[in-house]
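Scroll down for the structure; my scribbles are underneath it.
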Amino acid sequence: MKLKLVESNPSVDEYMTLIASTGWDGILEKGKARLEKCLKENWFSVSVYNEADEIIGYGRILSDGELQALICDVIIKPEFQRKGIGSLIVTRLIEECKKHDILLIQLFSAWGKEDFYIKHGFEKRADEAPGMRYTN
């Protein structure tokens with residue numbers, strides 16, 4: 001499968017398609033205008049397209065550009081999961097943080113996805129401090 005990684009946001013319609021494909025309840029209810037605003041407020045993002053130029057994955061970072069970064073919305077269409085696309089996205093997001101010497105890279109993992117992030121250098125935080133942080 002030939003992939004194209006683009007360092008930019010998808011269109012709001014593409015973003016909504018990805019969200020709908022994964023069943024992330026409640027997000028689409030925010031409406032198109034609010035979701036478009038969310039996309040514009042990113043510090044850095046990557047979109048992945050297949051050979052048919054269809055969006056199949058996305059990930060973004062919210063950051064102050066110096067100290068803190070929060071990886072958000074790592075979304076892969078279900079039929080393309082377990083093909084290395086999520087790893088491609090997370091690796092690129094981490095690289096961008098390292099390029100800017102960001103000290104704290106964090107995320108909140110969807111239930112059952114912790115092992116994926118652990119493979120990429122994150123560790124689970126204590127139950128009283130939820131989320132995951134990058135440790136490599």
For [X] versus [Y], what's the shortest heavy-atom pair and its separation?
X     : Y      : value
Ser47 : Ile55  : CB-CD1, 4.0 Å
Tyr58 : Val46  : CD1-O, 3.1 Å
Ile89 : Gly57  : CD1-C, 3.8 Å
Arg60 : Tyr15  : NH2-OH, 4.1 Å
Ile71 : Leu107 : O-CB, 3.6 Å
Leu28 : Ala20  : CD1-CB, 3.9 Å

- Answer yes or no: is there an ion pair linking Lys32 with Glu36, defined by an N-O contact shorter than 4.0 Å? no
- Message: Regarding Glu51 and Lys4, does a basic nitrogen lie under 4.0 Å from an acidic carboxylate oxygen?
- Response: no
- Test item: Leu5 and Tyr49 side chains (from C-beta on) under 4.5 Å apart, heavy atoms: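 Counting from C-beta outward, Leu5 and Tyr49 never come under 4.5 Å.
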- Query: With a 4.5 Å limit on heavy-atom distance, are the side chains of Glu123 and Ile118 in contact?
  - Reply: no
- Message: For a side-chain contact (heavy atoms from CB on, under 4.5 Å) check, start with the C-alpha distance between Ile102 and Leu67, then their side-chain angles and the critical distance, and finish with the verdict.
- Response: CA-CA 5 Å; Ile102 303 283; Leu67 178 62; over 6 Å; no
Atom [atom1] in [X], atom [atom2] in [Y]: separation rounded to 0.5 Å?
X     : Y      : atom1 : atom2 : answer
Cys72 : Phe108 : SG    : CZ    : 9.0 Å
Ile56 : Glu54  : CD1   : CD    : 7.5 Å
Arg34 : Leu39  : CZ    : CG    : 13.5 Å
Asp13 : Leu35  : CG    : CG    : 10.5 Å
Glu79 : Ser21  : CD    : OG    : 6.5 Å
Ile94 : Ile61  : CD1   : CD1   : 9.0 Å

- Task: Kindly write out the residues that satisfy side chain to side chain donor-acceptor pair (under 3.5 Å) with Lys30, not counting sequence neighbours, or none if the list is empty.
- Result: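 With sequence neighbours excluded, Lys30 shows a side chain to side chain donor-acceptor pair (under 3.5 Å) to no residue whatsoever.
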- Query: Listed by chain and number, what are the side chain to side chain donor-acceptor pair (under 3.5 Å) partners of Gln81, not counting sequence neighbours?
  - Reply: none
- Message: For the CD atom on Glu7, are there more than 12 heavy atoms of other groups (residues, nucleotides or ligands in this structure) within a distance under 6.0 Å?
- Response: yes
- Task: Evaluate the side-chain contact (heavy atoms from CB on, under 4.5 Å) criterion for residues Tyr117 and Glu114: first the C-alpha distance (whole Å), next the side-chain angles of each, then the deciding distance (0.1 Å), finally the verdict.
- Result: CA-CA 5 Å; Tyr117 292 105; Glu114 296 91 350; over 6 Å; no
- Verify side-chain contact (heavy atoms from CB on, under 4.5 Å) between Asn50 and Lys2, making sure each step is shown before the conclusion. CA-CA 6 Å; Asn50 64 13; Lys2 187 175 177 181; over 6 Å; no
Sidechain-backbone polar pair: [X] side chain, [Y] backbone, donor-acceptor under 3.5 Å:
X     : Y     : answer
Asn42 : Ser45 : no
Thr22 : Ile19 : yes
Glu41 : Cys38 : no

- After noting the C-alpha distance and the side-chain angles of Phe122 and Gln106, does the key distance pass the side-chain contact (heavy atoms from CB on, under 4.5 Å) rule? CA-CA 8 Å; Phe122 287 85; Gln106 302 178 72; 5.9 Å; no
- Task: Under the side chain to side chain donor-acceptor pair (under 3.5 Å) rule, what do Asp64 and Gln68 come out as? Steps first, then yes or no, please.
- Result: CA-CA 6 Å; Asp64 56 24; Gln68 301 265 357; over 6 Å; no
- Task: Would you sort out whether Lys98 and Glu95 count as a salt bridge (charged side-chain N to carboxylate O under 4.0 Å, His left out), showing the intermediate values?
- Result: CA-CA 5 Å; Lys98 286 182 172 183; Glu95 286 172 354; over 6 Å; no
